[in-house]
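To start, the structure under review is shown below, and the notes come after it.
What you see is a predicted model; the values in this text were computed from it and never measured.
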Amino acid sequence: MGKLYIVRHGETVWNREGRIQGHTDVALSERGLEQARLLAKRLNTVPFDAAYASDLRRAYETAAVVLEDRGVPIHPTPRLREYHKGGFEGMTEAELRALYPNEYPGYVSKDLDYAPKGGESTREVSARMAAVISEIKDSHLGDNVLVVGHGGSLRAAMMSLLGMSLDANWRFVFGNCTLSIVDTYHDNAVLRLFNDGSHLAGMESLFANGAVASRSTVAGE
């Protein structure tokens, strides 16, 4: 049996502003870095054998904080990226609704084949994520593996792991820097924990009280 420790990246400024990120390479905010530090403390006794992350900074930085000084190489890949949202990236939902009133209903619909101009559909992302998560699972049966990605695309990965219908994409949510754990077998996968953020308890009070010093990048730590 192996274990996949599946994590959505920490918060970015765009997350906080409600902006559509997609493939736009937005770095972690200070709050997101602190979320990753708290997750690192929670996982400090897990002997990771391998790690994979989206090559976008917010995911790779989260993985780097979790695995700091542990000697576990992180394999960055564009295959773990979020949905490409095309020309909608950078907009808030209110801006999208105002600027693209004819497109907006399709964007919020549960249409597996809808894609923004220049972007990806749910069906396309589901195929991409099914392939990469299957490869990771099958390559590491018996290993503890960290997988850091994005809220939307990780939903698609989870659907594939659990053998669920693509329509179930809209029944799950991944919060920033939450932890999900899946036990993996050659012919099965079992969800043990989903979207758990208990390690983040009390974080808001740290920021409110000014207890967290400002550090802008992972590289400076």
Side-chain angles (χ1 to χ4, degrees), residues 6-36 39 52-65 74-133 147-160 166-178 180 195 197 216-219:
I6 298 174
V7 174
R8 183 188 175 194
H9 63 81
E11 186 186 87
T12 70
V13 172
W14 277 22
N15 281 142
R16 202 150 188 87
E17 294 176 349
R19 297 192 179 277
I20 299 166
Q21 294 184 116
H23 281 200
T24 302
D25 200 9
V26 185
L28 292 178
S29 64
E30 178 54 40
R31 189 181 301 269
L33 285 168
E34 183 62 19
Q35 289 173 334
L39 178 61
Y52 295 82
S54 160
D55 64 341
L56 296 176
R57 283 184 294 171
R58 57 193 185 271
Y60 189 87
E61 287 176 353
T62 300
V65 172
I74 303 167
H75 302 284
T77 172
R79 298 172 71 195
L80 285 172
R81 286 185 179 188
E82 180 61 288
Y83 283 62
H84 196 316
K85 300 298 179 70
F88 295 165
E89 294 184 11
M91 295 184 183
T92 64
E93 187 171 339
E95 290 168 343
L96 176 58
R97 189 168 56 244
L99 294 172
Y100 295 93
N102 295 328
E103 287 282 320
Y104 180 74
Y107 181 75
V108 297
S109 70
K110 295 179 176 63
D111 182 349
L112 292 169
D113 295 304
Y114 172 82
K117 185 176 181 180
E120 294 176 288
S121 69
T122 298
R123 194 181 302 278
E124 289 170 331
V125 173
S126 296
R128 167 163 63 86
M129 293 303 296
V132 68
I133 204 66
V147 179
V148 184
H150 307 267
S153 53
L154 286 178
R155 289 199 307 267
M158 192 66 75
M159 299 307 96
S160 176
L166 296 188
D167 292 331
N169 266 277
W170 293 281
R171 298 176 188 170
F172 286 81
V173 64
F174 287 83
N176 284 120
C177 226
T178 56
S180 300
N195 194 43
S216 60
T217 65
V218 174

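R58 places no side-chain N or O within donor-acceptor distance of the main-chain N or O of H9, the cut-off being under 3.5 Å. In this structure a side-chain-to-backbone donor-acceptor pair under 3.5 Å is present from H23 to E82. When atom types are taken as modelled, the side chain of D25 and the backbone of R57 share a donor-acceptor pair closer than 3.5 angstrom. Listed for the T62 side chain is a donor-acceptor partner under 3.5 Å among the backbone atoms of G10.
A donor and an acceptor atom, one from each side chain of Y83 and E89, are nowhere located under 3.5 Å apart. For the 3.5 Å distance criterion, the side chains of T178 and N195 qualify, holding a donor opposite an acceptor.
Here the closest non-hydrogen pair linking A59 and H150 is CB-NE2, 4.0 Å. Shortest non-hydrogen contact noted between A63 and V148 is CB-CG2, 3.8 Å.
A distance of 13.0 Å separates SG in C177 from CZ in R31, rounded to the nearest 0.5 Å. Between S126 atom OG and L112 atom CG the span is 7.0 Å, to the nearest 0.5 Å. With rounding to the nearest 0.5 angstrom, the OG atom of S29 is 7.0 Å from the CD atom of Q35. A distance of 13.0 Å separates CG in L80 from OH in Y60, rounded to the nearest 0.5 Å. Here the straight-line distance linking atom CG of L28 with atom CD of E61 works out to 4.5 Å at 0.5 Å rounding. Rounded to the nearest 0.5 Å, atoms CZ (R79) and CZ (R128) are 9.5 Å apart.
When side chains are defined from C-beta on, E124 does not count as touching H84, because their heavy atoms never get closer than 4.5 Å. At a threshold of 4.5 Å between non-hydrogen side-chain atoms, the residues T24 and R19 do not count as touching. Residues E30 and L33 have side chains in contact (heavy-atom distance under 4.5 Å, counting atoms from C-beta outward).
The pair D167-K110 does not meet the salt-bridge criterion, since no charged nitrogen lies less than 4.0 angstrom from a carboxylate oxygen. Salt bridge E103/K117: absent, no basic N to carboxylate O contact under 4.0 Å.
When ring centroids are compared, Y100 and Y107 stay outside the 6.0 Å threshold.
N169 pairs with exactly one of M159, M158, R123 by the side chain to side chain contact (heavy atoms under 4.5 Å, CB included) rule, that one being M159.
In this structure N15 satisfies the side chain to side chain donor-acceptor pair (under 3.5 Å) test together with T12, N176, sequence neighbours excluded. Considering only residues two or more places apart in sequence or on other chains, S160 meets the side chain to side chain contact (heavy atoms under 4.5 Å, CB included) condition with A130, I133.
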